[in-house]
Amino acid sequence: MGGTLDYDEAEARQEEAIYSTPAAVARRERVRDLFAPEPGDKVLSIGCGPGFEPAEIGWTVGNAGHVHGIDRSKAMLELARARCAPLPQVTLAQGNADDLPVADGSVDAAVAVQVFEYLESVDSALSELARVLRPGGSAVVCDADFSSLVWRSPNPERMARVLDAFDDHCPHPRLGSRLAPHLRGAGLTIDRVEPNAIVNTSLDDTFAAHLMAFIEDYAADHEAIGPTAAQAWADDLREQAAHGETFFSFTQYCYLVHKPA
């Protein structure tokens with residue numbers, strides 16, 4: 001990924017697998033609970049990925065509502081179009097979070113999960129979010145702070161080096177704990193902040209397992225790690241899992257905000 005939100009087909013499928021895990025399903029449910037979409041609402045899904053989010057919100061807003069999902073990745077949009085095909089109330093388009101193809105004040109609610117940490121300009125993207133919300137409209141913005149990542153390893157020194165290198169995969173790896181002033185600067189009011197903690201104690205088709213595969217691929221291409229050390233890192237975790245000793249915890253921070261009326 002290299003600090004962008006562009007994906008090739010294999011990377012999109014890898015992300016789709018992460019989105020399918022119970023932890024990701026539970027996160028989407030909590031995000032929907034926070035902004036509470038209702039039948040007839042117009043909702044914007046920013047960085048809609050493989051389409052789980054707009055599809056699930058689409059069922060909630062019903063035929064009288066509308067969900068517009070945008071993503072900059074063509075590969076992600078192909079997956080999203082297949083997933084959302086049964087839902088005429090869902091439309092999808094290629095676009096960027098810092099230049100939303102949406103009219104001023106035209107949506108009741110918006111959601112962006114782990115999108116803004118991957119953007120060079122967080123403030124311009126949040127200004128766009130504020131622009132498209134109607135007065136009184138709400139949004140949920142979730143971003144991670146990768147310093148919250150606790151991952152037990154039999155080789156803590158190598159684990160630290162790999163995670164330090166992985167910080168380079170996005171421009172703002174600590175944004176989740178630093179988002180509040182950016183939101184206020186965009187003219188949005190923060191109503192609530194919630195942690196979304198993911199804890200896995202196995203690698204059996206879990207969020208940790210899929211993230212491990214993603215990090216292994218990334219670290220193998222990183223000049224500070226390389227393929228040999230990346231594979232050794234992952235092998236450590238697999239061996240640990242075989243002995244029932246996996247421990248993984250990762251926290252994202254969800255901000256419920258609204259645009260003042």
Side-chain angles (χ1 to χ4, degrees), residues 1-5 7 11 14-28 30-31 47 49 112-120 122 140-180 182 193-227 229-255:
M1 287 164 41
T4 75
L5 291 172
Y7 295 81
E11 289 170 335
Q14 195 172 44
E15 281 288 293
E16 184 179 43
I18 294 176
Y19 277 72
S20 302
T21 62
V25 172
R27 180 181 63 189
R28 290 196 301 275
R30 184 57 195 147
V31 166
V113 176
Q114 280 197 262
V115 174
F116 293 100
E117 67 204 54
Y118 289 94
L119 303 177
E120 292 292 343
V122 173
V140 176
V141 178
C142 295
D143 281 291
D145 183 330
F146 282 90
S147 64
S148 74
L149 186 54
V150 177
W151 208 336
R152 182 178 177 184
S153 168
N155 189 327
E157 185 275 334
R158 182 159 55 210
M159 171 64 82
R161 287 195 297 112
V162 168
L163 294 183
D164 184 62
F166 188 62
D167 271 356
D168 294 343
H169 86 287
C170 68
H172 305 287
R174 306 286 179 266
L175 184 62
S177 63
R178 303 174 182 179
L179 193 53
H182 297 280
V193 183
E194 280 196 4
N196 182 77
I198 297 171
V199 177
N200 293 146
T201 56
S202 80
L203 292 180
D204 297 330
D205 197 30
T206 57
F207 188 96
H210 293 291
L211 183 61
M212 184 186 76
F214 183 86
I215 292 176
E216 182 180 7
D217 288 345
Y218 183 86
D221 291 333
H222 196 289
E223 61 182 3
I225 305 298
Q231 182 175 342
W233 169 78
D235 286 345
D236 280 347
L237 297 179
R238 294 185 188 104
E239 182 177 356
Q240 183 174 261
H243 292 91
E245 296 177 354
T246 296
F247 185 88
F248 168 93
S249 177
F250 177 52
T251 304
Q252 299 130 342
Y253 300 92
C254 297
Y255 294 72

Asks: Closer than 3.5 angstrom, by distance alone: can the side chain of E117 be matched with the main-chain N or O of A144 as a donor-acceptor pair?
Replies: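 Between the backbone of A144 and the side chain of E117 there is a qualifying donor-acceptor contact (under 3.5 Å).
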Asks: Find out whether V162 and W151 are in side-chain contact, i.e. whether some heavy atom of one side chain is under 4.5 Å from a heavy atom of the other.
Replies: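 SC-SC contact between V162 and W151 ruled out.
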Asks: Say you draw a straight line from NE2 of H210 to OG1 of T21; how long is it, rounded to the nearest 0.5 Å?
Replies: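 Those atoms lie 6.5 Å apart.
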Asks: Between L175 and F116, which heavy-atom pair has the shortest distance, and what is it?
Replies: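 Heavy-atom minimum between the residues: CD2-C, 3.6 Å.
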Asks: So does Y19 get a backbone contact from the side chain of R28, meaning a donor-acceptor N/O pair under 3.5 Å?
Replies: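 Yes; at least one donor-acceptor contact below 3.5 Å.
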Asks: Strictly below 4.0 Å, N to O, side chains only: are R161 and D164 in salt-bridge contact?
Replies: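 Looking at D164 together with R161, the answer is no, because their closest N to O distance does not fall below 4.0 Å.
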Asks: Within a strict 4.5 Å, meaning less than it, do heavy atoms of the F248 and T206 side chains meet?
Replies: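 Heavy-atom side-chain distance check fails, nothing below 4.5 Å.
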Asks: Okay, side chain of Q252, backbone of Q114: is any donor-acceptor separation there less than 3.5 Å?
Replies: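 No; zero donor-acceptor contacts below 3.5 Å.
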Asks: Any side-chain heavy-atom pair from L179 and Y253 closer than 4.5 angstrom?
Replies: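 When only atoms from C-beta onward are counted, Y253 and L179 do not touch, as no gap falls below 4.5 Å.
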Asks: Identify the two heavy atoms, one from M159 and one from R152, that lie closest to each other, and give their separation to 0.1 Å.
Replies: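 Nearest heavy atoms, M159 then R152: CE-O, 4.3 Å.
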Asks: Just to verify, what does R178 make a side chain to side chain donor-acceptor pair (under 3.5 Å) with, not counting sequence neighbours?
Replies: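 Partners of R178 under the side chain to side chain donor-acceptor pair (under 3.5 Å) test: none.
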Asks: Examine distances only and state if a side-chain atom of H172 and a backbone atom of E120 form a donor-acceptor pair shorter than 3.5 Å.
Replies: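 Yes, H172 side chain to E120 backbone: donor-acceptor pair under 3.5 Å.
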Asks: Taking all non-hydrogen atoms of both residues into account, name the closest pair between P22 and D205 and its distance.
Replies: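 Closest heavy-atom pair between P22 and D205: CD-O, 4.4 Å.
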Asks: To the nearest 0.5 Å, how far apart are CD1 in I225 and OH in Y218?
Replies: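 Going from CD1 on I225 over to OH on Y218, the span is 10.5 Å.
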Asks: Can you tell me how far the OH atom of Y255 sits from the SG atom of C142, to the nearest 0.5 Å?
Replies: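 If we round to the nearest 0.5 Å, Y255:OH and C142:SG are 10.0 Å apart.
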Asks: If you measure from CZ on F214 to CD on E15, what distance do you get to the nearest 0.5 Å?
Replies: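 The CD atom of E15 is 6.0 Å from CZ of F214, to the nearest 0.5 Å.
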Asks: For a 4.5 angstrom cut-off between non-hydrogen side-chain atoms, does S147 reach R174?
Replies: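 SC-SC contact between S147 and R174 confirmed.
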Asks: Going from CD on Q14 to CG on D217, what distance comes out if it is rounded to the nearest 0.5 angstrom?
Replies: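 Here the rounded value is 5.5 Å.
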Asks: Around atom CD of E239, are there more than 12 heavy atoms from other residues, nucleotides or ligands closer than 6.0 Å?
Replies: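 No - once you tally the heavy atoms of other residues, nucleotides and ligands closer than 6.0 Å, there are 12 at most.
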Asks: Return the minimal non-hydrogen interatomic distance between G47 and V115, and the atom names on each side.
Replies: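 Scanning both residues completely, I find the closest heavy atoms to be CA-CG2, 3.9 Å.
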Asks: Determine, step by step, whether I215 and W233 satisfy the side chain to side chain contact (heavy atoms under 4.5 Å, CB included) criterion, reporting the C-alpha distance in whole Å, the side-chain angles of both residues, the deciding distance to 0.1 Å, and the verdict.
Replies: CA-CA 10 Å; I215 292 176; W233 169 78; 3.6 Å; yes
Asks: Please report the closest heavy-atom contact between A229 and R158, naming both atoms and the distance.
Replies: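 Distance-wise, the nearest heavy atoms are O-CD, 3.8 Å.
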Asks: Mind checking the CG-OG1 spacing from L237 to T246? Nearest 0.5 Å is all I need.
Replies: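 One finds 7.5 Å between CG of L237 and OG1 of T246.
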Asks: Do N200 side-chain atoms and A208 backbone N/O form a donor-acceptor pair below 3.5 Å?
Replies: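 Indeed, once roles are kept as given, a pair shorter than 3.5 Å links the two residues.
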Asks: For residues F146 and D167, determine if any side-chain heavy atom of one lies less than 4.5 Å from a side-chain heavy atom of the other.
Replies: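 Yes, at least one pair of side-chain atoms sits under 4.5 Å.
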Asks: How far apart are the closest heavy atoms of V113 and V31, and which atoms are they?
Replies: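 Residues V113 and V31, closest heavy atoms: CG2-CG2, 4.2 Å.
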Asks: Do N155 and E157 come close enough that some side-chain heavy atom pair is under 4.5 Å?
Replies: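 A side-chain contact under 4.5 Å exists here.
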Asks: Measure the shortest side-chain to side-chain distance between M212 and R238 over non-hydrogen atoms and say whether it is less than 4.5 angstrom.
Replies: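 M212 vs R238: side chains touch.
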